[in-house]
2 protein chains.
Amino acid sequence: MTKTESSSESHLSGVALWRRIADAIRLDIVGGKRQPGDRLPGETELAERFSANRHTVRRALAALQAEGVIRTEQGRGSFVDQARRVSYRIGKRTRFSENLAGQAATISRDMLSSRLENATGSVAAALGLRAGTKVTRLETLSSADNRPMSRASIWLSYAAFPDFAVRFAENPSITATLASYGIADYARASTRISARHADADETATLKLAPGAILLVSEAVDTDLGGKPLLYALSRFPADLMELVV
Amino acid sequence: MTKTESSSESHLSGVALWRRIADAIRLDIVGGKRQPGDRLPGETELAERFSANRHTVRRALAALQAEGVIRTEQGRGSFVDQARRVSYRIGKRTRFSENLAGQAATISRDMLSSRLENATGSVAAALGLRAGTKVTRLETLSSADNRPMSRASIWLSYAAFPDFAVRFAENPSITATLASYGIADYARASTRISARHADADETATLKLAPGAILLVSEAVDTDLGGKPLLYALSRFPADLMELVV
DNA sequence: TTATGTTGTCTAGTTTATTAGACAAGTAGA
DNA sequence: TCTACTTGTCTAATAAACTAGACAACATAA
């Protein structure tokens, strides 16, 4: 009756055992319990610890190696090859590039695409516009040290900021682009944070292991008078980043 | 060569197709795109939309029904059976019970266990204590309308708050218990937010579908002078809750 | 060199996941 | 009632995940 007891969990979870093992090991590394250069326990010991076969453990280790989290050497063992999570600070003044300064050598934010669309429910509500109003939508990808760190969708009123996409292409940051419209300063009004699995598109652009978890931030930035300027939906790989309030 | 193209994704992901489908449907519901009472598309149409077999879709729907997210009726279809996500507000004054008031009828925080232990690295650092100092550790489970909503571990200095666990059992909340020590008010100093899969223990106590995603909050509360009072590691089901900064 | 412990690579068998098709059983409207 | 559409339940076949065991290849230190 209980012949296949150990595998009954995976039957209910829908998440393969090798992936749960990889997640557990990555969590230790990215959470700081294991330092870069540390040697992991041997495959046989890991197999015992997770009540799994050595082949299953090997598959988990192979996935972690493909992600660049560890490095495996024949005859020696597996070694931690990545530092701990990067912190992204959220506050009144939240600026992407200032935020990661000091945690990475090079920081960039590239525009993947832009288009004009009609504001729908959540976008219109966030920007305080009537549904159907024209808004500019930007799709951006931010990287630190050439590692994709954030995939964001940004909406702004087209009437208030005509040709924002064009100007953004000529400016180094959102802050600088807003300044070109006479917005000297702006503040974060609200941030809503949730988490979910990455979809196929996000997996590709953020160069994630398929099935990875994202932290999702929905933010509204306003001018100093409280008038909404932009609405941003940002997605951060939960393995690489944590949000600090 | 590309005979099994559609299944090659699941090979890389380690997350079963039926679970990815269930996650996608749940995301629509919990994100507000589908309202309670709405009818989902038929199984055949969902199967086409996700490029999967109807049996695979049925398994996803069965999982969602087991979670209480939808309800399926023979001959009629599947219907949304749960409201959208609950918001948990994080700010200077973050109090669990005040936070969810208005979003649920009954709110409770139960103590699962308590013990005395020696402060280790992260706990000692957060509380500003030397490693090895005695601290009280509480394990709590919070519920709204009898649905588990948060699993938290809380650490306090034993010297500053002797027998905290005993007093907490006699008081309705952390706030009230701290008041009994003469702490009239306290504030949230920092919050770090990350996300990961639930482990076996968390899956059981929070009554989650195995493989569910958690929002993890690490917070330090201080008195009004900035002296650390407690360190809390809270886990929220990402399907049910979002954090609002 | 030798012994020991490590990772790499095979073969083989079982269980689970996914697909495919057919038909039963329930619902709702013409 | 009849028809069309829905979910429920079977059987069957293939692909992927997991387990089990054996042995090769490499690293390290005695």
Side-chain angles (χ1 to χ4, degrees), chain A residues 1-25 37-66 70-81 209-211, chain B residues 1-25 37-66 70-81 209-211:
Chain A
M1 197 136 168
T2 54
K3 198 170 71 176
T4 58
E5 195 173 56
S6 69
S7 56
S8 65
E9 291 176 35
S10 112
H11 165 254
L12 291 172
S13 106
V15 180
L17 180 55
W18 65 265
R19 166 156 274 279
R20 298 203 301 274
I21 293 172
D23 286 346
I25 295 173
D38 282 3
R39 183 178 174 283
L40 296 181
E43 294 173 352
T44 312
E45 186 181 336
L46 287 173
E48 277 181 21
R49 190 176 299 183
F50 289 106
S51 304
N53 190 273
R54 185 166 80 96
H55 296 288
T56 308
V57 169
R58 281 178 60 74
R59 185 161 186 183
L61 295 177
L64 291 173
Q65 188 165 32
I70 65 169
R71 162 183 35 91
T72 300
E73 296 178 21
Q74 181 168 356
R76 305 221 311 136
S78 294
F79 301 85
V80 177
D81 203 31
Chain B
M1 196 136 167
T2 55
K3 199 171 71 175
T4 58
E5 195 173 56
S6 71
S7 56
S8 64
E9 293 176 33
S10 111
H11 165 255
L12 291 171
S13 109
V15 181
L17 180 56
W18 66 265
R19 166 156 276 279
R20 300 204 300 274
I21 293 172
D23 287 347
I25 295 174
D38 282 1
R39 182 180 175 283
L40 295 181
E43 294 173 353
T44 312
E45 186 182 336
L46 287 173
E48 278 181 22
R49 191 175 300 183
F50 290 105
S51 304
N53 190 273
R54 187 166 79 95
H55 296 290
T56 308
V57 169
R58 282 179 59 74
R59 185 163 186 181
L61 295 177
L64 291 173
Q65 188 165 33
I70 65 168
R71 164 184 33 91
T72 299
E73 297 178 22
Q74 181 169 357
R76 305 221 309 139
S78 294
F79 301 86
V80 177
D81 203 31

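The chains referred to below are lettered A, B, ... by the order of the sequence lines, with proteins before strands, and numbering in each begins at 1.
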State which residues pass side-chain contact (heavy atoms from CB on, under 4.5 Å) with B/A22; sequence neighbours excluded, sorted by chain then number. B/A60, B/L64
The side-chain contact (heavy atoms from CB on, under 4.5 Å) partners of A/Q65 (sequence neighbours excluded) come to A/I70, A/T72
Rounded to whole Å, how long is the line connecting atom CD of A/E48 with atom P of C/dT6? 11 Å
Run the side-chain hydrogen bond (donor to acceptor under 3.5 Å, both in side chains) test against A/R39 and tell me which residues pass, sequence neighbours left out. none
Which nucleotide, C/dT19, D/dT9, D/dC18, lies nearest any side-chain atom of B/T56? C/dT19
Taking the side chain of A/W18 as its heavy atoms from C-beta onward, which of D/dG8, D/dA17, C/dA17 lies nearest to it? D/dA17
Given atom CG of A/L61 and atom P of C/dT7, what is their separation to the nearest angstrom? 8 Å
Contacts of A/E48 that satisfy salt bridge (Lys or Arg N to Asp or Glu O under 4.0 Å) - sequence neighbours left out: none
What protein N or O atoms touch nucleotides 27-29 of chain C N or O atoms at under 3.5 angstrom, if any, and at what distances?
from, atom 1, to, atom 2, distance (Å)
C/dA28, OP1, B/R76, NH1, 2.8

Using the C1' atoms of five pairs at each end, what's the angle between the two axes of the helix from C/dT1-D/dA30 to C/dA30-D/dT1, to 10 degrees? 30°
With sequence neighbours excluded, residues passing side-chain hydrogen bond (donor to acceptor under 3.5 Å, both in side chains) with B/T56: none
What is the distance, to the nearest angstrom, from the CD atom on A/E45 to the C1' atom on C/dT6? 12 Å
Nucleotides 20-22 of chain D: which of its N/O atoms have a protein N/O under 3.5 Å away?
from, atom 1, to, atom 2, distance (Å)
D/dA20, N6, A/H55, NE2, 3.0
D/dG21, O6, A/H55, NE2, 2.4

Tell me every residue that passes side-chain contact (heavy atoms from CB on, under 4.5 Å) with B/E45, counting only those two or more places apart in sequence or in another chain. B/P41, B/R49
What residues form a side-chain hydrogen bond (donor to acceptor under 3.5 Å, both in side chains) with B/R71, not counting sequence neighbours? B/E73
